[in-house]
Amino acid sequence: MLERKIQKRREGLPELPNLDGRKPVLRFAPNPNGHLSFGHSRGLVINGQYAKELGGELILRFDDTDTTVKPPMMAAYDSIPKQQEWLCGFPAHRIVIASERMEFYHDHARQMLEGGFGYVCTCSGDDFKEHRVAMTKCPCRDNEISTNLEKWGLMNDPAAYQPGDAVLRVKTDMTLKNPALRDWPAARIQINPHPRVGNKWRVWPLLDFQSAVEDHLQGVTHIIRGKDLMDSTRKQTLLYAHFGWTYPDTIYWGRVKVHEFGVFSTSQMRRDIDAGLFSDWDDPRLPTLAALSRRGIKPDALRAFWIELGLTQKDIAVPLSTLYSHNTKAIDSTSPRLAFIRNPVPLVLTGNLPRKGSITSHPDTDMPTRDYSIDEGVWIEKEDSGKSIRLKDLCDVDKDGNVESIDRSDKRGIIHWVAGGKPSKLTIAAGQDLLVVEGILEDNNHPIGTIVQLERIGYGIVEEDGLLMVHD
RNA sequence: GCUCGUAUAGUGUAGUGGCCCAUCAUGAAGCCCUCUCGAGGCUUCGACCCGGGUUCAAAUCCCGGUACGAGCACCA
């Protein structure tokens, strides 16, 4: 009898290929030239989730080998592990800092030269480009091993080669179909001091070399990264073949665009913050993890969001509302209700009504109630004035504030109101702008950081000087 | 130019030859519930890029086209 294959909708992340019972070792390797952003959270969530679900390990690696274009920011070495733990819910199993492992990279560079599968190239970038396009060997390619070793010494000698004079190349094949793979560069000279190790080294590995060597040293089993790095995989596979190593299984994802965030690069944000365009890395307009956290976005929501997007190689554009929808699920049941009146106008109440009382803080949970005390009347939003309304949890009134009924008597609109209260403001990050809405906030003693639901408006988080909009 | 990759509802996503006149989420519309324009419940709307081919059978395999994206840095 034939068994019928039953297919079900796959839940969560797809299986990791070629696991063969192994515990996976995964890594996430940001450049500490700034704090973590929304974009980084994908790598953290996906790699972290696999490590967690499969009992494997997550390595957090600082790829800080560029002191020129993307100079490391010392504060990031502290903030990144913290934010990683906040996001993943557990600390990384290992932390690796590339700039402190330079011996290993230099050692492998030397092995490459000695093994004859690497060479020091003194051609200019433009000259080499011509060879790459023409599929011809550059003059340095056929140098003896001894010559290469000697030139390697000159690269490391402050009195000899200077930045731009020479690079270390991996010997692949100049006739490879893919131009990106032809004798790719593995290391170059940099003389800007590194904030962690100063001028101890002057030849620094490039990503494809450093990452490849480190992945092998750390026993990484699976690499999950953007498909823009597909050629990196191919380059590194060529290098692994030279060393006789086996390349990890690799999975790619496509590009994600979030319209609301526009285009931000870590370098650009760093400049803009320094220039005073943003208050700091947690400015609510920024797509940083610090800002998202400040804005009341929960790590659970971020995790659910990325896991739902999965690992397709499609380039996608997602609206933030999807993330917000996950966040609402994460916060609604614990967010006390509170009233905030925009464009407040007073409404004098006449007639009989309970002038003092308490109302519920959440429809579904038994949170402490809110007490109110009404003297003359209440504040309502201007848009709600001038018509018969029901003051939520209080009474029905006509347009002039005459109490018509304590119980709800008809289908008139139910609005929120504030008795007493104090002036406050609600700050809303709207793209590049920060909108500030003035209003009257219901009296409360929620501590800073509490996420509340502003009735009929949306969620807000309590800050020192008012409320910050979470989302609606 | 060369190389590589991707194409399922508005947006994401499941689906690896028959279960698919296609899954789930989100979105929109409507209803129910609820003294919030929130949450929850229900209903409805809405898609396999195009053209060939293979096959009894194709979203799924092959070929061609088109569109979009990425790499070809002494960035990561």
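Please read these numbers as outputs of a predicted model, since none were measured by experiment. Residue numbers begin at 1 in each chain, while the letters A, B, ... track the order of the sequences.
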List for me each residue that meets salt bridge (charged side-chain N to carboxylate O under 4.0 Å, His left out) alongside Glu404(A), sequence neighbours excluded, and say none if there are none.
Arg412(A)
Which of Phe117(A), Tyr247(A), Phe209(A) passes ring-ring contact (aromatic ring centres under 6.0 Å, His included) with Tyr240(A)? Answer is Tyr247(A)
Determine the Euclidean distance between corresponding C1' atoms of C35(B) and U44(B); express it in Å to zero decimal places.
29 Å
Sub-6.0 Å ring centroid separation between Tyr105(A) and Trp201(A):
no
It should be established whether Arg188(A) places a side-chain nitrogen or oxygen under 4.0 Å from OP1 or OP2 of nucleotide A76(B).
yes
Collect all protein-nucleotide pairs involving nucleotides 22-24 of chain B in which both atoms are nitrogen or oxygen and the distance is under 3.5 Å.
from, atom 1, to, atom 2, distance (Å)
U23(B), O2, Arg9(A), NH1, 2.1
C24(B), O2, Arg9(A), NH2, 3.3

Flag for Ser99(A)-Asp64(A): side-chain donor and acceptor within less than 3.5 Å:
yes
Between C62(B) and U16(B), how far is it from one P atom to the other, in whole Å?
15 Å
Given atom CH2 of Trp184(A) and atom P of C4(B), what is their separation to the nearest angstrom?
19 Å
Of the nucleotides A76(B), U3(B), G12(B), which has the atom closest to the Leu309(A) side chain?
G12(B)
Parallel, tilted or perpendicular for Tyr77(A) and Phe62(A), by the 30°/60° rule?
tilted
Integer angstrom distance from the C1' of U11(B) to that of G51(B):
28 Å
At under 4.0 Å between heavy atoms, what does Lys392(A) touch on the DNA or RNA strands: base, sugar-phosphate, or nothing?
base
Work out how far the P atom of A57(B) is from that of U8(B), and round it to whole angstrom.
26 Å
Around atom CG of Asp410(A), are there more than 12 heavy atoms of other residues, nucleotides or ligands at under 6.0 Å?
yes
Heavy atoms of other groups near Asn352(A) CG, more than 12 under 6.0 Å:
no
Looking only at C74(B), C2(B), G5(B), the nucleotide nearest the Leu206(A) side chain is C74(B)
Closer than 3.5 angstrom, by distance alone: can the side chain of Thr288(A) be matched with the main-chain N or O of Ser37(A) as a donor-acceptor pair?
no
Return all side-chain donor-acceptor pairs below 3.5 angstrom for residues 389-397 of chain A, not counting sequence neighbours, or 'none' if the list is empty.
from, atom 1, to, atom 2, distance (Å)
Arg390(A), NH1, Asp396(A), OD1, 2.8
Arg390(A), NH1, Ile406(A), O, 3.1
Arg390(A), NH2, Ile406(A), O, 3.0
Lys392(A), NZ, Glu455(A), OE2, 3.2
Asp396(A), OD2, Ser409(A), N, 2.9
Asp396(A), OD2, Ser409(A), OG, 2.5

Nearest atoms (heavy-atom pairs only) where Asp472(A) meets Ile457(A):
CB-O, 3.5 Å
Are the side chain of Arg188(A) and the backbone N or O of Gly164(A) linked by a donor-acceptor pair below 3.5 Å?
no
Measure from the side-chain N and O atoms of Gln190(A) to the backbone N and O of Thr67(A), and report whether any donor-acceptor pair falls under 3.5 Å.
yes
Strictly below 4.0 Å, heavy-atom distances to any atom of RNA chain B: list the hits from residues 59-81 of chain A, or just say none.
Asp63(A), Thr65(A), Asp66(A), Lys70(A)
Taking the C1' atom in each of C33(B) and G41(B), what is the distance between them to the nearest angstrom?
8 Å
Expected rows: protein N/O vs nucleotides 61-70 of chain B N/O, under 3.5 Å:
from, atom 1, to, atom 2, distance (Å)
G69(B), O4', Asp315(A), OD2, 3.3
G69(B), O2', Asp315(A), OD2, 2.7
A70(B), OP1, Arg255(A), NH1, 3.4

Between A76(B), A25(B), C4(B), which one does the side chain of Glu308(A) approach most closely?
A25(B)
Involving RNA chain B, stems made of at least three consecutive Watson-Crick or G-U pairs, both distances under 3.5 Å
B:1-7 with B:66-72, B:10-12 with B:24-26, B:27-32 with B:40-45, B:49-53 with B:61-65
Using modelled atom types only, decide if a donor and an acceptor are shared between the side chain of Lys200(A) and the backbone of Arg196(A) within a distance under 3.5 Å.
no
Is Asp63(A) salt-bridged to Lys70(A), cutoff N-O under 4.0 Å?
no
Hey, which of these two, His416(A) or Ser321(A), hits RNA chain B nearer its 5' end, going by closest nucleotide?
Ser321(A)
Determine the interplanar angle of the Phe38(A) and Trp306(A) rings, folded into 0 to 90°, and report it as parallel if under 30°, tilted if 30 to 60°, perpendicular if over 60°.
tilted
Under 4.0 Å, counting only non-hydrogen atoms across every strand here, what does Gly310(A) touch: a base, just sugar-phosphate, or nothing?
nothing
C56(B) versus G17(B) - spacing of their C1' atoms, nearest Å:
12 Å
Ring pair (Phe, Tyr, Trp, His ring centres under 6.0 Å) pairs touching residues 121-141 of chain A, sequence neighbours excluded, are none
Roughly how many Å apart are A70(B) and G12(B), using the P atom of each and rounding to a whole number?
15 Å
Between the protein and nucleotides 39-50 of chain B, list every N/O to N/O distance that falls short of 3.5 Å.
from, atom 1, to, atom 2, distance (Å)
A39(B), O4', Asp332(A), OD2, 3.4

Taking NZ, NE, NH1 and NH2 as the nitrogens, is one of them in Asp215(A) or Arg27(A) under 4.0 Å from a carboxylate oxygen of the other?
yes
Give a yes or no on whether the backbone of Lys177(A) and the side-chain of Arg182(A) come within a donor-acceptor separation of less than 3.5 Å.
yes
Tyr252(A): what forms a side chain to side chain donor-acceptor pair (under 3.5 Å) with it, not counting sequence neighbours?
Thr233(A)
Parallel, tilted or perpendicular: which one describes the rings of Trp281(A) and His35(A), with boundaries at 30° and 60°?
perpendicular
Is any NZ, NE, NH1 or NH2 atom of the basic residue among Asp126(A) and Lys129(A) found under 4.0 Å from an Asp or Glu carboxylate oxygen of the other?
no
What is the nucleic acid contact for Pro185(A), judged by heavy atoms within less than 4.0 Å: base, sugar-phosphate only, or nothing?
sugar-phosphate
Length of the line joining Met174(A):CE and C2(B):P, which is rounded to integer Å:
18 Å
Report all interatomic pairs (protein N or O, nucleotide N or O of nucleotides 9-11 of chain B) with separations under 3.5 Å.
from, atom 1, to, atom 2, distance (Å)
U11(B), O3', Ala317(A), O, 2.9
U11(B), O2', Ala317(A), O, 3.3

Tell me whether the side-chain N/O atoms of Thr312(A) come closer than 4.0 Å to OP1 or OP2 in U13(B).
yes
Could you tell me how far G64(B) sits from G5(B) if I compare only their P atoms? Round to whole Å.
13 Å
My understanding is that only residues two or more places apart in sequence, or in another chain, count here; which of them pass salt bridge (charged side-chain N to carboxylate O under 4.0 Å, His left out) with Arg141(A)?
Asp183(A)
So what does Cys123(A) hit on the nucleic acid, given a heavy-atom distance under 4.0 Å: a base, only sugar-phosphate, or nothing?
base
Candidate pair His471(A) and Tyr459(A), rule ring pair (Phe, Tyr, Trp, His ring centres under 6.0 Å), full reasoning
CA-CA 6 Å; His471(A) 49 71; Tyr459(A) 301 89; 5.6 Å; yes
Residue-level proximity of residues 157-170 of chain A to RNA chain B when a heavy atom falls under 4.0 Å:
Gly164(A), Val167(A)
